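These figures come from a predicted structure and were not determined experimentally.
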There are 2 protein chains.
Amino acid sequence: MPSSRSPSRPTIIDVARDAGVSKTSVSRYFGTERTLLSESMRSRIEASIARLEFRPDRIASSLRGRKTGLIGMLVADLRNPYTVAMVHGAELACRERGYALVVFNTDNDDALERRHLDILKGYSIEGLIINTRGQNLAPLQQSLASGLPMVLVDRHMPGLECDMVGLDNAQAVALALSHLSEQGFQHVMLVTEPVAGISSREERVAAFDVEAGRLCLGHQVLEIELGDNAERLDCAVGAWLERGEHPRALLSANGVVTLALCQALSRLGAQSFERAGLIGIDELEWCSLVGPGISTIAQPVEAIGAQAVERLWTRIEGATDAPCQVVLEGELTPRGSTMAAVRP
Amino acid sequence: MPSSRSPSRPTIIDVARDAGVSKTSVSRYFGTERTLLSESMRSRIEASIARLEFRPDRIASSLRGRKTGLIGMLVADLRNPYTVAMVHGAELACRERGYALVVFNTDNDDALERRHLDILKGYSIEGLIINTRGQNLAPLQQSLASGLPMVLVDRHMPGLECDMVGLDNAQAVALALSHLSEQGFQHVMLVTEPVAGISSREERVAAFDVEAGRLCLGHQVLEIELGDNAERLDCAVGAWLERGEHPRALLSANGVVTLALCQALSRLGAQSFERAGLIGIDELEWCSLVGPGISTIAQPVEAIGAQAVERLWTRIEGATDAPCQVVLEGELTPRGSTMAAVRP
DNA sequence: TTTGGTACTGAAACCGTTCCCATTGGCGTA
DNA sequence: TACGCCAATGGGAACGGTTTCAGTACCAAA
């Protein structure tokens with residue numbers, strides 16, 4: 001009945017008293033100095049720990065020397081499936097390495113991002129994973145300068161010299177376009193949220209222009225703010241569908257856009273899916289169910305999250321080589337939406 | 001240029017020295033005793049804090065007296081949209097109250113759940129939100145007994161007397177069935193993952209039997225393990241479709257099942273959606289896009305997460321009334337999948 | 001003048017742990 | 001025997017804050 005004594009958790013001193021040893025020895029029982037302990041000491045301590053159900057207070061231990069074991073993560077939109085899967089991958093990797101992940105959602109709010117960053121620093125996190133819009137350069141630069149290991153996910157921030165993990169955008173876009181070309185599409189339109197200096201979007205647009213040119217495809221880019229006003233998208237897509245002589249296809253720059261495009265096509269009439277091809281970056285669970293099945297270029301999202309943690313870990317362990325960049329390849333899943341381009 | 005001096009963060013002592021006051025006064029500057037400080041003292045401290053960019057170390061301050069401001073959350077499956085939305089709601093509410101949320105994903109692994117619980121306790125969380133399978137009663141009971149405020153989400157755990165927030169299952173099921181009945185369906189099948197003692201599933205099944213009986217609908221329940229073997233589901237649903245004389249409809253017990261059912265129907269042929277009605281508990285972003293549009297009963301997921309935090313908060317503030325139970329209503333969105341039941 | 005109260009301030013103890021350093025005892029060696 | 005060394009152990013300072021408590025200064029009331 002260890003719980004009947006004191007209402008609060010047992011401390012290392014309780015264990016020491018119970019085992020008849022010093023608190024130093026109990027402290028050594030956890031951590032690397034454990035090998036110093038004799039066999040008898042070790043077993044006595046073990047017994048007391050079990051009897052009292054002692055667990056060291058990580059907060060107290062981090063105060064003096066020991067690390068917190070906390071990794072912070074700042075994401076712009078937790079409801080985005082990309083983010084969720086990435087967080088999941090990062091969480092698995094953290095678990096592997098003995099870290100705990102503290103995730104803050106900034107909801108695309110820059111002020112909130114600053115506040116969350118402050119809070120995270122207050123918890124003495126050992127590393128920081130960032131996947132936000134990048135409007136808060138100064139405070140991030142300062143964190144980096146103060147020696148906090150950081151990793152960017154999905155996009156660079158100019159002026160922030162740190163590791164970065166993301167998709168190989170050029171490869172992904174090329175893969176999509178060569179697939180469309182093979183399927184006989186001759187005109188393509190990339191639909192993206194406003195580029196706004198976000199590097200991954202820039203890269204996708206740039207790769208799109210280059211690659212479509214190389215493949216001799218007619219091409220254009222539609223940059224559009226999603227959100228409240230669905231009509232603008234309907235108009236743009238509708239107009240594009242109208243003036244079609246060639247077999248044409250849409251390339252969606254990410255999962256959010258894919259959803260919006262499917263909604264637009266669906267509003268424009270059920271037969272819209274037959275009037276144009278569609279392929280999207282990001283694999284979504286419902287892609288096989290909609291229309292003829294939506295072709296996708298899947299990002300290795302879980303791997304991206306895991307790699308972010310791995311990069312962080314090497315930095316925490318002391319690696320000081322130049323900032324590196326991990327780009328992972330996308331994978332094509334062809335479905336009905338890009339088959340049989342012989343459309344009027 | 002405060003950063004050129006010392007590599008590590010300024011401490012309260014640095015501020016005290018800089019302002020020419022005692023560290024006690026600086027400590028008082030934060031927290032409730034602030035009113036004690038004279039005007040001149042307050043402004044001097046303020047200036048030093050700004051000059052040194054001092055932020056109190058929350059970890060250190062929590063050691064003596066002050067709370068950690070951390071709320072822990074244990075979820076069974078972070079990739080489930082229900083979970084994501086609930087986490088998001090909880091996060092907003094935490095932000096409101098000045099808490100930070102530490103989320104651990106147990107991936108439906110009971111051992112992992114125990115480990116995560118231990119870790120969370122090690123960080124001296126102030127409250128715990130639980131949404132897991134409930135196979136780890138003992139350690140949870142112990143946490144509760146030790147005075148940790150806890151809230152269950154979506155389901156009870158028999159033997160764990162604490163607050164609970166979830167869907168009004170009876171109302172949601174009744175709403176779905178009365179809609180189906182109004183639309184002329186005469187036979188309904190509830191499809192659910194294995195009940196396995198999970199209270200929300202039990203309640204949905206119970207309500208289904210009662211309500212279908214009351215409405216004089218032919219009814220049956222299909223309890224099936226999803227995951228790897230999709231064939232079993234295809235068989236079950238296929239067979240059920242075959243032997244149909246009445247207009248019949250499927251009621252999916254949650255979003256995961258809805259996805260599986262749509263996949264099954266889609267595999268069984270595109271016209272399957274016309275052979276039976278379908279309505280699912282949980283609103284999903286793609287429901288309007290699949291087949292004729294899938295009707296849903298939306299759970300107020302964000303509200304559930306927010307309410308969980310609110311319950312926790314009242315407990316943290318000292319409320320000691322009997323464990324309460326917050327049930328929120330589901331909302332019907334009728335779509336094509338439950339229209340025009342006049343099917344052969 | 002003494003007393004008492006109020007408004008403000010700081011010294012020191014404390015939180016639970018880790019780390020530095022001193023101590024002890026046993027053993028091999030000169 | 002005396003010495004040095006090593007393995008094992010413990011005492012106490014330190015970490016960065018909060019809190020308790022003991023002042024100090026000032027002013028009104030007795």
Side-chain angles (χ1 to χ4, degrees), chain A residues 6-46 48-49 52-70 119 121-126, chain B residues 6-46 48-49 52-70 118-119 121-126 146:
Chain A
S6 120
S8 60
R9 301 179 6 156
T11 76
I12 207 171
I13 295 187
D14 297 325
V15 176
R17 190 164 29 230
D18 184 84
V21 302
S22 78
K23 64 198 169 98
T24 307
S25 298
V26 179
S27 174
R28 276 199 260 261
Y29 180 84
F30 305 93
T32 56
E33 281 182 301
R34 181 176 193 159
T35 50
L36 287 181
L37 300 175
S38 68
E39 185 51 47
S40 76
M41 170 101 5
R42 197 158 7 193
S43 60
R44 252 188 311 162
I45 294 177
E46 200 156 76
S48 292
I49 287 174
L52 301 176
E53 292 183 341
F54 170 76
R55 296 283 175 277
D57 181 329
R58 305 224 30 175
I59 291 202
S61 66
S62 79
L63 192 53
R64 172 78 196 219
R66 187 92 149 232
K67 299 302 174 51
T68 56
L70 252 26
I119 297 179
K121 286 199 221 165
Y123 285 113
S124 296
I125 51 172
E126 293 185 53
Chain B
S6 122
S8 58
R9 301 179 5 154
T11 75
I12 204 170
I13 295 187
D14 297 324
V15 176
R17 190 164 29 228
D18 184 84
V21 303
S22 76
K23 62 180 185 151
T24 307
S25 297
V26 180
S27 173
R28 278 198 258 261
Y29 181 84
F30 305 92
T32 55
E33 281 183 299
R34 180 175 193 158
T35 50
L36 287 182
L37 299 176
S38 68
E39 187 50 47
S40 76
M41 171 106 359
R42 197 160 2 194
S43 61
R44 253 188 309 162
I45 293 177
E46 201 156 77
S48 293
I49 287 174
L52 299 176
E53 291 183 343
F54 170 75
R55 298 281 176 279
D57 181 329
R58 304 225 28 174
I59 291 204
S61 65
S62 78
L63 195 51
R64 168 80 191 222
R66 186 88 151 236
K67 298 303 172 49
T68 57
L70 252 26
D118 255 7
I119 297 179
K121 285 200 222 165
Y123 286 113
S124 296
I125 50 171
E126 292 184 53
S146 78

J.: Whole Å only: how far is the OH atom of A:Y29 from the C1' atom of C:dT18?
T.: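 After rounding, the gap between these two atoms is 18 Å.
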J.: Between B:R9 and A:K121 (side chain of the first, backbone of the second, donor and acceptor by atom type, cut-off under 3.5 Å), is there such a pair?
T.: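 Yes, B:R9 side chain to A:K121 backbone: donor-acceptor pair under 3.5 Å.
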J.: Is B:S38 close enough to C:dC8 that one of its side-chain N or O atoms is under 4.0 Å from OP1 or OP2 there?
T.: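 No, B:S38 has no side-chain N/O under 4.0 Å of OP1/OP2 on C:dC8.
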J.: Rounded to the Å, how far apart are A:L36 CG and C:dT18 P?
T.: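 Result: 14 Å.
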J.: Provide, to the nearest angstrom, the distance between the NZ atom belonging to B:K67 and the P atom belonging to C:dG16.
T.: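 Rounded to whole Å, this separation is 14 Å.
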J.: Decide yes or no for B:E126 and B:L70: does some side-chain heavy atom of the first lie under 4.5 Å from some side-chain heavy atom of the second?
T.: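 In short, these two side chains do not touch, never coming nearer than 4.5 Å.
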J.: Applying the side chain to side chain contact (heavy atoms under 4.5 Å, CB included) test to B:R28, which of B:T32, B:T24, B:V26 qualifies?
T.: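 Of all the options given, the one that passes is B:T24.
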J.: For B:I59, answer base if it contacts any base atom (sugar-phosphate contacts may also be present), sugar-phosphate if it contacts only those atoms, and nothing otherwise; contact means non-hydrogen atoms under 4.0 Å.
T.: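 No contact at all - B:I59 keeps every heavy atom at 4.0 Å or more from the nucleic acid.
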J.: Mind calculating the distance between CZ (A:R34) and P (C:dT18) to the nearest angstrom?
T.: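 These atoms are roughly 13 Å apart.
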J.: Checking A:T68 side chain against A:S124 main chain: does a donor-acceptor pair fall under 3.5 Å?
T.: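 Such a contact is found between A:T68 side chain and A:S124 backbone.
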J.: Counting only side-chain nitrogens and oxygens, does B:S25 get under 4.0 Å of the OP1 or OP2 atom of C:dT9?
T.: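 No, outside the criterion.
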J.: Reading nucleotides 11-21 of chain D from the 5' end, what letters show protein touch, with B for base, S for backbone sugar-phosphate only, - for no heavy atom under 4.0 Å?
T.: BBBBBBBBB--
J.: Please name the pair of heavy atoms, one in A:K23 and one in A:I12, separated by the smallest distance, quoted to 0.1 Å.
T.: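 In this case the closest contact between A:K23 and A:I12 is O-CD1, 3.9 Å.
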J.: Do you know which two heavy atoms are closest between B:D57 and A:G122, and how far apart they sit?
T.: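 Minimum heavy-atom separation between B:D57 and A:G122: OD1-O, 3.5 Å.
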J.: B:R17 CZ to C:dG10 P: how many Å, rounded?
T.: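 B:R17 atom CZ is separated from C:dG10 atom P by 15 Å.
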